[in-house]
Amino acid sequence: MNLQPLCSPMIKYGIILTLLFGFGIQTQAQDPLRFQEEVDQLTLKYGDAPRGEDLILFTGSSSVKGWRDLSAYFPDHQMINAGFGGSQTSDLLHYVDELIIQYQPKKVFIYEGDNDISAGKSTEEILEDTHELVEKIKSKLPETKILLISAKPSISRWHLRDKYLDLNQHFEEYSQSHENVDYVDVWTTMLDEEGKPKADIFLEDNLHMNKAGYDLWAEVIGKYMD
């Protein structure tokens, strides 16, 4: 049998184009510049916000961005919500100067890792980005307390629970071995008596939280505010 047609230059060329095109899509999807407009809007919004030792800043992906009444939960504190939806740890690392360092907060709460896992990143990759992010903050703001919020459980991503649990365990261990870093466990409070995500704390997409979900977050996070 003649197999030459299967190895023709045209077919090889087509395979190469397919591979290159696929990689191009992946690279584009990971490009932090896709958030430039949103980051610019946040910078403009908080351009006159107070800086310094009394400020508490929240940043990370949509679970932070969607907490639109964050300040109302903690009225005794100066707050900035610099969340940007769909972000991954590598994106926050890219914009760390614009979204964290320029405000010189007393504390920064970070919620990243959720979308990283959903995108197929390994725990090792996420931890590498997290460590680089923490070190960049420490290099400019050595007195700032960094609080890593655990990945949350959700109904829509429950099939990834083992990966989230692994990441959370590593976040906790990381915080224990690094000065001025704390781990905030929101995972546990979001589970029902059967150990599954509570059904009444999510929006219709079963991923993002409603007020009941943020009420649970506030109970946990409130312990770290002072």
Side-chain angles (χ1 to χ4, degrees), residues 30 32 56-65 67 82-84 86-96 99-101 105-198 201 207 209 213-214 216-226:
Q30 299 291 325
I56 296 178
L57 187 146
F58 282 71
T59 190
S61 59
S62 55
S63 292
V64 169
K65 179 181 178 180
W67 202 349
F84 55 128
S87 64
Q88 299 178 26
T89 312
S90 56
D91 299 311
L92 182 55
L93 177 59
H94 181 84
Y95 291 109
V96 64
L99 295 180
I100 299 175
I101 291 173
K106 176 176 69 174
K107 294 184 179 183
V108 55
F109 289 82
I110 296 172
Y111 184 78
E112 292 290 5
D114 193 337
N115 291 326
D116 303 58
I117 288 178
S118 181
K121 288 185 177 178
S122 66
T123 297
E124 290 74 18
E125 289 177 293
I126 301 169
L127 288 174
E128 286 177 7
D129 287 340
T130 300
H131 179 66
E132 188 173 352
L133 175 63
V134 168
E135 290 303 306
K136 282 198 172 185
I137 296 171
K138 284 186 172 184
S139 68
K140 300 288 184 66
L141 305 171
E143 302 301 319
T144 295
K145 189 79 170 181
I146 301 168
L147 298 106
L148 303 177
I149 302 175
S150 71
K152 72 180 192 298
S154 65
I155 297 171
S156 67
R157 293 179 176 175
W158 191 236
H159 61 290
L160 298 170
R161 63 187 177 277
D162 290 341
K163 294 183 178 181
Y164 284 118
L165 286 169
D166 182 59
L167 177 64
N168 288 342
Q169 180 181 342
H170 280 84
F171 275 167
E172 185 172 14
E173 292 172 354
Y174 182 88
S175 69
Q176 292 170 350
S177 61
H178 288 76
E179 187 177 358
N180 242 12
V181 180
D182 271 349
Y183 169 72
V184 181
D185 175 22
V186 297
W187 177 279
T188 304
T189 192
M190 297 178 68
L191 300 179
D192 62 20
E193 294 179 354
E194 297 180 355
K196 296 180 180 180
K198 294 178 179 177
I201 61 174
L207 174 62
M209 294 180 292
Y214 286 114
L216 294 177
W217 272 40
E219 289 178 12
V220 175
I221 289 173
K223 300 174 184 177
Y224 297 86
M225 294 297 289
D226 297 319

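Worth saying up front: this structure is predicted, and the values here are computed from it rather than measured.
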*Mind checking the CD1-OG1 spacing from Ile56 to Thr144? Nearest 0.5 Å is all I need.*
11.0 Å
*Which residue pairs satisfy the salt bridge (charged side-chain N to carboxylate O under 4.0 Å, His left out) criterion with at least one member in residues 170-185, sequence neighbours excluded?*
Lys145-Asp182
*How long is the gap from CG on Asp116 to OG1 on Thr123, to the nearest 0.5 Å?*
10.0 Å
*For Phe84, what residues pass the ring pair (Phe, Tyr, Trp, His ring centres under 6.0 Å) criterion, not counting sequence neighbours?*
Phe35
*To the nearest 0.5 Å, tell me how far Lys140 NZ sits from Ile101 CD1.*
5.0 Å
*Indicate yes or no: at least one non-hydrogen side-chain atom of Asn115 is less than 4.5 angstrom from one of Arg157.*
yes
*asked:* More than 12 heavy atoms of other residues, nucleotides or ligands under 6.0 Å from CD of Gln176: yes or no?
replied: yes
*How close do Ser154 and Leu207 get, heavy atom to heavy atom, and via which atoms?*
OG-CD1, 3.6 Å
*Can you list every salt bridge (charged side-chain N to carboxylate O under 4.0 Å, His left out) pair that touches residues 216-226, not counting sequence neighbours?*
none
*Spacing of Leu167 atom CG and Glu124 atom CD [to the nearest 0.5 Å]*: 10.0 Å
Give the table of side-chain donor-acceptor pairs shorter than 3.5 Å for residues 126-136, with sequence neighbours excluded, one pair per line with atom names and distance.
{"unit_1": "Thr130", "atom_1": "OG1", "unit_2": "Ile126", "atom_2": "O", "d": "2.8"}
{"unit_1": "His131", "atom_1": "ND1", "unit_2": "Tyr174", "atom_2": "OH", "d": "2.8"}

_Side-chain touch Lys138/Ile146, heavy atoms, less than 4.5 angstrom_ = yes
*asked:* Tell me the closest heavy-atom pair linking Phe58 and Met225, and the distance in Å.
replied: CZ-SD, 4.4 Å
_Point-to-point distance, once rounded to the nearest 0.5 Å, from CG of Leu99 to NE2 of His94_ = 10.0 Å
*Hey, are the side chains of Ser87 and Leu92 touching, using non-hydrogen atoms and a 4.5 Å cut-off?*
no
*Is it true that the side chains of Lys152 and Ser63 contain a donor and an acceptor less than 3.5 Å apart?*
yes
*Least distance between heavy atoms, Tyr183 atom then Ser175 atom*: CB-OG, 3.3 Å
*Which pair of non-hydrogen atoms, one from Ala151 and one from Trp187, has the smallest distance, and what is that distance?*
O-CE3, 3.3 Å
*Please assess Ser90 against Lys121 for the test side-chain contact (heavy atoms from CB on, under 4.5 Å), listing each intermediate value before the final yes or no.*
CA-CA 11 Å; Ser90 56; Lys121 288 185 177 178; 3.2 Å; yes
*Taking the side chain as C-beta and beyond, is there a heavy-atom pair between Tyr111 and Ser61 under 4.5 Å?*
yes
*asked:* Any heavy-atom pair between the side chains of Trp67 and Ile221 that's under 4.5 Å?
replied: yes
_So Ile149 and Ile110, do their side chains get closer than 4.5 Å, heavy atoms only?_
no
*Flag the pair Asp166 / His170 as yes when at least one side-chain heavy-atom distance between them is below 4.5 Å, and no otherwise.*
yes
*pair Glu143-Lys106: side-chain heavy atoms closer than 4.5 Å*: no
*Give the minimum heavy-atom separation between Ser62 and Tyr214, together with the two atoms involved.*
O-OH, 4.0 Å
*Might you confirm whether atom NZ of Lys163 has over 12 heavy atoms from other residues, nucleotides or ligands at distances under 6.0 Å?*
no
Without placing hydrogens or testing angles, list every side-chain donor-acceptor pair under 3.5 Å for residues 191-198, not counting sequence neighbours.
{"unit_1": "Asp192", "atom_1": "OD1", "unit_2": "Glu194", "atom_2": "N", "d": "2.8"}
{"unit_1": "Asp192", "atom_1": "OD1", "unit_2": "Gly195", "atom_2": "N", "d": "3.0"}
{"unit_1": "Asp192", "atom_1": "OD1", "unit_2": "Lys196", "atom_2": "N", "d": "2.9"}
{"unit_1": "Lys198", "atom_1": "NZ", "unit_2": "Thr189", "atom_2": "O", "d": "3.1"}

*List for me each residue that meets side chain to side chain donor-acceptor pair (under 3.5 Å) alongside Tyr164, sequence neighbours excluded, and say none if there are none.*
Asp114
*Work out which heavy atom in Val64 is nearest to a heavy atom in Thr59; give both atom names and the distance.*
CG2-O, 3.6 Å
